[in-house]
Structure formats: C-alpha cells, structure tokens
Asks: 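Below is one structure. I have some questions about it.
Nothing fancy with the numbering, it's 1 onward along the sequence. What you see below is based on every heavy atom in this structure, not just the backbone, and it leaves out hydrogens, waters and symmetry mates. Worth saying up front: this structure is predicted, and the values here are computed from it rather than measured.
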Amino acid sequence: MTTTIAPPPGPVPGGVAGDVDRVRAALAAQIPAKTTKNLLVGTWNLRAFGDLTHKWQSAQDDRPKRDWHALACIAEVVERFDVTAVQETRRDTTALFALLSLLGPRYQVIASDVTEGGPGNGERLAYVYDSERVQASGLVGELVLPKDARNDVDQFARTPYAAGFVRGATEFILTTVHVLWGKAPADRIGELTAFATWMRGWADRPDDWNHNLLVLGDFNLDRLDDPLFAAFASTGLWPPAELNTVPRTIFDDDRTNHQYDQIAWFSDPARPGAPSLLEGLTYTGHGGSFDFLPHALRDLTRNQVSWRLSDHYPLWLEFLA
C-alpha cells in the first residue's frame, strides 16, 4: 500500500478533461454547494474498487478496466461531499489512494480491515472526507454480533463499519454496510433485521457514544413495499422521502426501481411532526442520486462503464449543522 500514487505524467488528455468538466457542471447544477452552514453526506458503492490501470485510458486487454480517466470523474463526485461512505473498497487499496492523490491533501480516509472468508468478498469499507470541513471525532468501530444475540444470522457477512465525525459543534456517527446479496432476497432478511436491531440498541443505550446515528450504504433492498425494507425499517430506521424514487443503479429502469442504497436515521414516518433522533442536524429536504452516464465515458456501453466508474449511482443528502 502506498499514499504517493501519481497519475501518468504529461498533460491530461482532452477527452478526460471534457468528461471531468461535464461531470463538474452537472454536479453543480444538481447538488448544493458547500457552505458554512451545511453538511453534505454521500454514499457510493464503487464496483470492485481495488486495483487501477496506470493509464489515462485503459485498452481492451488491460485488467482492470478502471483507469485514471474514470478515477478523475469519481474524484469530481467525491469532492462534492463533506464525507462519502464507500462500499466495495477491496483489499488492494491502489485505487483508493490514487483517488486521494487526485483529491489533494485536504481529503483523508478512514477504512476498515477486510472481512475475511468467502462472503466477505475481499471487501473493506471506507469513508473519504474533507478534513477542512469535517474532522474525525475519534470513534471508529466494527459491528459484531455477540454470541447470545437472538438473530437468524450468526454474524454479519461483511462487518458494518462506524466512524464518528464533527462538523462545527455538531458530532455525528455514520455506520456503513454492504449487505450480503445471497441466492435469494430471503437470504438478506436476517442480516437486515440484525443490523437494524443492533443500531436501535446502540441508539437507546444511555451514556454511550451514540449521538446522531446515521446509517448509509448498500443494503440490497428491492422495493419499499417488500419484506426486505420492512426488516430494514423494523426498529425505526427510515430514509427521507426524497430518496424513494431516485434510481440506484445504472441498469435500473421504471420497472426495476430498486432501493439498494440508502441513507437513514431513526424517525417515525407515521408521525411527520415527531422529532427524530437527530440533534444539531437538520435535514434540508435536499437529496438524491447522481446520474453520471450522460456526462462521462459516453462512448462505452453501460456494462463497460460499470467496471470503470460503477454500476451504482452515488446517493446524497444535505443537512444543516
């Protein structure tokens, strides 16, 4: 692992610069700018975010397909947020630290270790954050089920990862996860229920380090009206309505409006006027996903784009802090 990964020498190719400019303009049109009062939180499943081909544009026979062209576009998206939870970061951290080299020294990373075993898929979880806007509070931890936990799963396939941050005088804790896909949707219910139960217990414990808990990541939820979402929301976790209809993956269409990725906190959707378990953070009602397809790598198929950028769109919310 190294933190001194540099892009290929020489000028940035015109095609790369054009894509970066288009992505930057689209982000500016869709996502609020950083101000002295707001907090922008993102989450992004970056498909197989591990190794990197050290060219601006990978050739047909290159492995992996992700190159500096794609990474420059990814950096534009991540730079828009104060903190971004990244799923599918791999054991090989080449692309992760190359991303940091593009973002510059104000961006830092907090990452978990790899969850071992086949279901772990060689994945770790990471937070990339703007250290001039938010600071690490000192809290990090992995969620592990105790032996006597009453759940349908013995342990999380990929250990959820929590990290605390401070924005101004407000502390908040993000917990990110990439729920196991399994062979069928029913295979995910145990993990989703165990995760929701674990988080509710943490939120309710007195005198614990548990202020402003938010969850975000790839929960592999299918729809809002199915048992998977019911398991996710079983203890009061609820995403804002602005995320209900936005696409999650580049392969979604009107018939497959999946809800895989989410950002949520404990609230009561049946009581709109009731206070949530957030203090010092106010959700502004602004949130969504970002569709990068019209702006970057436009000469490639969606499958080809998925291995360079991702098959998931980034998801984001804005708060006042």
Asks: Does L100 share a hydrophobic cluster with V20, counting links as ILVMFWY side-chain heavy atoms below 4.5 Å and allowing steps through other members?
Replies: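 In one cluster: yes.
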Asks: So do V140 and Y161 actually touch side chain to side chain, heavy atoms under 4.5 Å?
Replies: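 They are in side-chain contact.
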Asks: State whether the side chain of R158 and the backbone N or O of R124 hold a donor-acceptor pair below 3.5 Å, judged by distance alone.
Replies: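 Not at all, since once roles are kept as given, no pair shorter than 3.5 Å links the two residues.
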Asks: With rounding to the nearest 0.5 angstrom, report the NE2 to CG distance, H178 to N121.
Replies: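 Reported value, rounded in 0.5 Å steps: 8.0 Å.
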Asks: Could you list the donor-acceptor pairs under 3.5 angstrom formed by side chains in residues 24-33, with sequence neighbours left out?
Replies:
| from | atom 1 | to | atom 2 | distance (Å) |
| --- | --- | --- | --- | --- |
| R24 | NE | E76 | OE1 | 3.1 |
| R24 | NH1 | D21 | OD1 | 3.1 |
| R24 | NH2 | E76 | OE2 | 2.9 |

Asks: Given the rule that I, L, V, M, F, W and Y join up when any side-chain heavy atoms are under 4.5 Å apart, are L320 and V41 in one cluster?
Replies: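 Hydrophobic grouping puts L320 apart from V41.
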Asks: Do any N or O atoms from the side chain of E191 and from the backbone of L180 form a donor-acceptor pair under 3.5 angstrom?
Replies: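 Yes.
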Asks: Scan side-chain atoms only and decide if H69 and D19 contain a donor-acceptor pair under the 3.5 Å cut-off.
Replies: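 Result is yes, a qualifying pair exists.
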Asks: Determine whether F81 and Y129 make a side-chain contact, defined as any pair of heavy atoms from C-beta on separated by less than 4.5 Å.
Replies: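 No, every pair of side-chain atoms sits at 4.5 Å or beyond.
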Asks: Nearest 0.5 angstrom please: R91 CZ to T93 OG1, how far?
Replies: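 Spacing of CZ (R91) from OG1 (T93) equals 11.0 Å.
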Asks: What verdict does the side-chain contact (heavy atoms from CB on, under 4.5 Å) test give for V215 and T176, after you've listed the backbone C-alpha separation in whole Å, the side-chain angles of each residue and the deciding distance to 0.1 Å?
Replies: CA-CA 6 Å; V215 305; T176 189; over 6 Å; no
Asks: Can I get a per-line list of side-chain donor-acceptor pairs under 3.5 Å for residues 46-54, giving both atom names and the distance, sequence neighbours left out?
Replies:
| from | atom 1 | to | atom 2 | distance (Å) |
| --- | --- | --- | --- | --- |
| R47 | NH1 | S306 | OG | 2.7 |
| T53 | OG1 | P64 | O | 2.5 |

Asks: Are the side chains of L281 and T170 in contact, using a 4.5 Å heavy-atom criterion?
Replies: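 Answer yes - side chains close enough.
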Asks: Residues in ring pair (Phe, Tyr, Trp, His ring centres under 6.0 Å) with Y260, at least two apart?
Replies: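 Per chain and number, Y260 pairs via ring pair (Phe, Tyr, Trp, His ring centres under 6.0 Å) with W181, H258.
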Asks: Suppose we screen for side chain to side chain contact (heavy atoms under 4.5 Å, CB included). Which residues come up paired with D208, at least two apart in sequence or across chains?
Replies: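 In terms of side chain to side chain contact (heavy atoms under 4.5 Å, CB included), with neighbours along the sequence ignored, D208 is linked to W202, R205, N210.
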Asks: Once side chain to side chain contact (heavy atoms under 4.5 Å, CB included) is applied, do any residues pair with T245, and if so which ones, sequence neighbours excluded?
Replies: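 Listed in chain order: nothing, the list is empty.
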Asks: Tell me, which pairs form a side chain to side chain donor-acceptor pair (under 3.5 Å) where one or both residues lie in residues 135-145, sequence neighbours left out?
Replies: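 Passing the test, one end in residues 135-145: S137-E171.
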Asks: For the residue pair R248 / Q262, report whether a side-chain donor-acceptor contact shorter than 3.5 Å exists.
Replies: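 Result is yes, a qualifying pair exists.
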Asks: Taking side chain to side chain donor-acceptor pair (under 3.5 Å) as the test, write out the residues that go with S310, two or more places apart.
Replies: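 S310 satisfies side chain to side chain donor-acceptor pair (under 3.5 Å) with no other residue.
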Asks: How about H286 and E318: does a side-chain donor come under 3.5 Å of a side-chain acceptor?
Replies: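 Looking only at side-chain atoms, E318 and H286 do form a donor-acceptor pair, the distance falling under 3.5 Å.
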Asks: For a quick test of reading the model, state the closest non-hydrogen atom pair linking W238 to S267 and the distance between them.
Replies: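 Nearest heavy atoms, W238 then S267: CB-OG, 3.6 Å.
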Asks: Between W44 and F292, what is the ring plane arrangement, given parallel below 30°, perpendicular above 60°, and tilted in between?
Replies: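 Aromatic pair W44/F292 classed tilted.
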Asks: Under 3.5 Å, which donor-acceptor pairs do the side chains of residues 222-233 form with other protein atoms, sequence neighbours left out?
Replies:
| from | atom 1 | to | atom 2 | distance (Å) |
| --- | --- | --- | --- | --- |
| D226 | OD1 | L228 | N | 3.2 |
| D226 | OD1 | F229 | N | 3.0 |
| D226 | OD2 | R223 | N | 3.2 |

Asks: Please identify each residue that fulfils side chain to side chain donor-acceptor pair (under 3.5 Å) with K37, with sequence neighbours left out.
Replies: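 Counting only residues at least two positions away or on another chain, K37 forms no side chain to side chain donor-acceptor pair (under 3.5 Å).
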Asks: Report yes if some heavy atom in the side chain of L277 is under 4.5 Å from a heavy atom in the side chain of L213; otherwise report no.
Replies: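 Side-chain contact under 4.5 Å: no.
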Asks: Going through the distances and angles, do Y127 and V86 end up as a side-chain contact (heavy atoms from CB on, under 4.5 Å)?
Replies: CA-CA 6 Å; Y127 298 97; V86 181; over 6 Å; no
Asks: Whether the side chain of T197 engages the backbone of A194 through a donor-acceptor N/O pair (distance < 3.5 Å, no angle test) should be reported.
Replies: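 A pair under 3.5 Å: no.
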Asks: Would a 4.5 Å heavy-atom cut-off, applied to side chains only, mark I263 and L315 as touching?
Replies: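 The answer is yes, as the side chains (C-beta and beyond) meet within the 4.5 Å cut-off.
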Asks: Is there a path from I173 to V166 through hydrophobic residues (I, L, V, M, F, W, Y) whose side chains come within less than 4.5 Å of each other?
Replies: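 No, I173 does not connect to V166 through the hydrophobic network.
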Asks: Run the side chain to side chain donor-acceptor pair (under 3.5 Å) test against D291 and tell me which residues pass, sequence neighbours left out.
Replies: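 Y313.
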Asks: Restricting to side chain to side chain contact (heavy atoms under 4.5 Å, CB included), what partner residues turn up for R308, sequence neighbours left out?
Replies: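 Side chain to side chain contact (heavy atoms under 4.5 Å, CB included) list for R308, sorted by chain: S58, K65, A70, L297, L300, Q304.
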Asks: What do you reckon, are the aromatic ring centroids of F319 and W265 less than 6.0 Å apart?
Replies: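 Ring centroids of F319 and W265 are less than 6.0 Å from each other.
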Asks: Report whether V144 and I110 are members of the same hydrophobic cluster (ILVMFWY, side-chain heavy atoms less than 4.5 Å apart, transitive linking).
Replies: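 Different clusters.
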Asks: Working to the nearest 0.5 angstrom, can you tell me the gap between L174 CG and L216 CG?
Replies: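 Reported value, rounded in 0.5 Å steps: 5.5 Å.
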Asks: For the CG atom of L221 and the CD atom of Q259, what is their distance to the nearest 0.5 Å?
Replies: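 Going from the CG atom of L221 to the CD atom of Q259 covers 7.5 Å.
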Asks: Quick one about T43 and Q87 (side-chain donor to acceptor, distance below 3.5 Å, no hydrogens or angles considered), yes or no?
Replies: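 Indeed, the side chains of Q87 and T43 share at least one donor-acceptor pair under 3.5 Å.
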Asks: Contact between T175 and L214 at the side-chain level, heavy atoms closer than 4.5 Å - yes or no?
Replies: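 A side-chain contact under 4.5 Å is absent here.
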Asks: Using side chain to side chain donor-acceptor pair (under 3.5 Å), reason through E242 and Y283 one step at a time and then give a plain yes or no.
Replies: CA-CA 11 Å; E242 287 73 22; Y283 173 54; 2.8 Å; yes
Asks: Check step by step if side-chain contact (heavy atoms from CB on, under 4.5 Å) holds for L192 and I189.
Replies: CA-CA 5 Å; L192 286 165; I189 290 178; 5.5 Å; no
Asks: Nearest 0.5 angstrom please: D261 CG to D218 CG, how far?
Replies: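 Here the rounded value is 4.5 Å.
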Asks: Between the side chains of N303 and T301, does any donor sit under 3.5 Å from an acceptor?
Replies: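 Absent: no donor and acceptor within the cut-off.
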Asks: Check D62 with K55, please: is the shortest side-chain N to carboxylate O separation under 4.0 Å?
Replies: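 The answer is yes: the pair qualifies as a salt bridge.
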Asks: I want to check something: taking the side chain as every heavy atom from C-beta on, are L317 and P240 in contact at a cut-off of under 4.5 Å?
Replies: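 Contact flag for L317/P240 side chains = yes.
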Asks: Do V12 and L309 belong together in a cluster built from hydrophobic side chains that touch within less than 4.5 Å?
Replies: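 In one cluster with V12: L309, yes.
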Asks: Residues two or more places apart in sequence or in another chain: which of them pass side chain to side chain contact (heavy atoms under 4.5 Å, CB included) with D130?
Replies: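 Applying side chain to side chain contact (heavy atoms under 4.5 Å, CB included) to D130 gives K34, R106, Y107, E132, R133.
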Asks: Are E123 and V114 close enough, and set up right, to give a side-chain contact (heavy atoms from CB on, under 4.5 Å), and what steps lead you there?
Replies: CA-CA 5 Å; E123 295 181 22; V114 171; 5.9 Å; no
Asks: Quick one: pull up CH2 in W68 and CG in L99 and give me the separation to the nearest 0.5 Å.
Replies: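 Between W68 CH2 and L99 CG, I get 9.0 Å after rounding to 0.5 Å.
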Asks: Looking at every non-hydrogen atom in both residues, tell me the closest pair between Q108 and S131 and how far apart they are.
Replies: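 The pair with the smallest heavy-atom distance is CG-CB, 3.8 Å.
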Asks: Would you mind reporting whether F156 and T115 have side-chain heavy atoms less than 4.5 Å apart?
Replies: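 No, every pair of side-chain atoms sits at 4.5 Å or beyond.
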